[in-house]
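Reviewing the structure listed below.
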2 protein chains.
Amino acid sequence: MSLEDDIKQDKFQSEQHKAAINIMFTSSWLHGINASYLKKFDITPEQFNVLRILRGSHPKKLMLSEVASRMIDKSSNCTRLVEKLRQKALVQREICKDNRRQVDISITDKGLTLLKKLDAEASLMKGIMDKLSKTDAKELNRMLDKLREDN
Amino acid sequence: MSLEDDIKQDKFQSEQHKAAINIMFTSSWLHGINASYLKKFDITPEQFNVLRILRGSHPKKLMLSEVASRMIDKSSNCTRLVEKLRQKALVQREICKDNRRQVDISITDKGLTLLKKLDAEASLMKGIMDKLSKTDAKELNRMLDKLREDN
DNA sequence: TCTAAATACTTGTATATACAACTATTGATT
DNA sequence: AATCAATAGTTGTATATACAAGTATTTAGA
């Protein structure tokens, strides 16, 4: 479905303007697909992202601000996100002995087991994204990176 | 700044996978720029979007669900969004006489005046998006539309 | 005409973002 | 050692999304 149909608009000021809307619309669309898949496992895309970050460093712990800096979405909410994962016993929190300001987070076995079950999520995304060739995807990445230059 | 630096990740499973993350990251980045600009005018990007939709149809009123269907972001929240604009006297709500289930929304003069002041927002976005040539933007739109095909 | 279904919108709850103000701890300066 | 600034997190408030359940009104069918 074209963007014009999706948001019932038939003209944009320019291709560039349309592209801005298209990026945001497609992002929201991707997020929605992800969310609805992950919901069956009682987890949100944001929580899923944190779990993957922690698996990436496992068995090394990460301090909260390290988790935050690796998050895709803005990370002001990191404390509360991690707290929700802790309540589900998917991660562990502990005050760092060397620096008691610091909170170290690690993924639990239960968290690792859950992630294993969620490998299908990767396939789902792959199914969508592989509509683009590797060359196209590279081009897309180039353009998006270019937009974020400077500023 | 490259995506790798932005989210402190140095490898992705594929260019396609990276593109998915890049779309969501760039969307969030665009939203943030917009939000911080609009904040000075005590309005959010979502509310701004609704105002522009209403200016587009002005002086014709739109029923709530028509507004919703034109929104970029998901529209389950339309009632509350419009209510916030109404509290600021930027839009007007009235029950439709012919069909009392229906709520007709229109932009007020105050809303139109505010939008005029916000034309600079368009320039701000233009400044960012014009880093892409028209050809590039067209290509970007083609790729994003392709991702959303079917599914 | 009475009832059931469809339509249009509203409201409640859980989750998330943004931002600002706050606490606690550590490091640095005098 | 005492103080001040920097660092690391936490918490409160406003806004937004998603979803589900709710109300009110209209339409369609028996």
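Here is how names work: the chains are called A, B, and so on, in the same order as the sequence lines, proteins then strands, and each is numbered from 1. What's counted below: heavy atoms across the whole structure, side chains too, no hydrogens, waters or symmetry copies.
For the pair A:Glu83 CD and D:dT11 C1', the interatomic distance rounds to 12 Å; values are reported in whole Å. Here D:dA8 presents its P atom at 14 Å from CD1 of A:Ile105, a figure rounded to the nearest Å. Here C:dA24 presents its C1' atom at 10 Å from CD1 of A:Ile95, a figure rounded to the nearest Å. Between A:Lys39 atom NZ and D:dT17 atom P the separation is 16 Å, expressed in whole Å. When rounded to the nearest whole Å, the span between CE of B:Met24 and P of C:dA16 equals 15 Å. Going from atom NZ of B:Lys40 over to atom C1' of C:dC19 covers 15 Å, rounded to whole Å. Atom CG in B:Asn49 sits about 13 Å away from atom C1' in D:dA16, given to the nearest Å. As rounded to whole Å, 12 Å separates atom P of D:dC19 from atom CG of A:Leu38.
Among residues two or more places apart in sequence or in another chain, the side-chain contact (heavy atoms from CB on, under 4.5 Å) test is passed with B:Lys84 by B:Gln47. B:Ser106 pairs by the side-chain hydrogen bond (donor to acceptor under 3.5 Å, both in side chains) definition with nothing, not counting sequence neighbours. Residues that satisfy the ring-ring contact (aromatic ring centres under 6.0 Å, His included) test with B:Phe25, not counting sequence neighbours, are absent from this structure. In this structure A:Lys138 satisfies the side-chain hydrogen bond (donor to acceptor under 3.5 Å, both in side chains) test with no other residue, sequence neighbours excluded.
The pair A:Lys146-A:Glu149 does not count as a salt bridge, with every side-chain nitrogen at least 4.0 angstrom from each carboxylate oxygen. A salt bridge does not link A:Lys39 with A:Asp42: none of the charged nitrogens is closer than 4.0 Å to a carboxylate oxygen.
With D:dA16, C:dC19, D:dC19 as the candidates, the nucleotide lying closest to the side chain of B:Asn77 is D:dA16.
Contact annotation: B:Arg100 side-chain N/O to D:dT26 OP1/OP2 distance is under 4.0 Å.
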Donor-acceptor contacts, no H, no angles, side chain residues 112-120 of chain A, under 3.5 Å, sequence neighbours left out:
from     : atom 1 : to       : atom 2 : distance (Å)
A:Thr113 : OG1    : A:Asp109 : O      : 2.8

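Nearer the 5' end of DNA chain C, as judged by each residue's closest nucleotide, is the contact made by B:Gly32, out of A:Lys97 and B:Gly32.
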Using a cut-off of 4.0 Å between protein heavy atoms and nucleotide atoms, how would you tag nucleotides 5-15 of chain C 5' to 3' with B, S and -? -BBSSBBBB-S
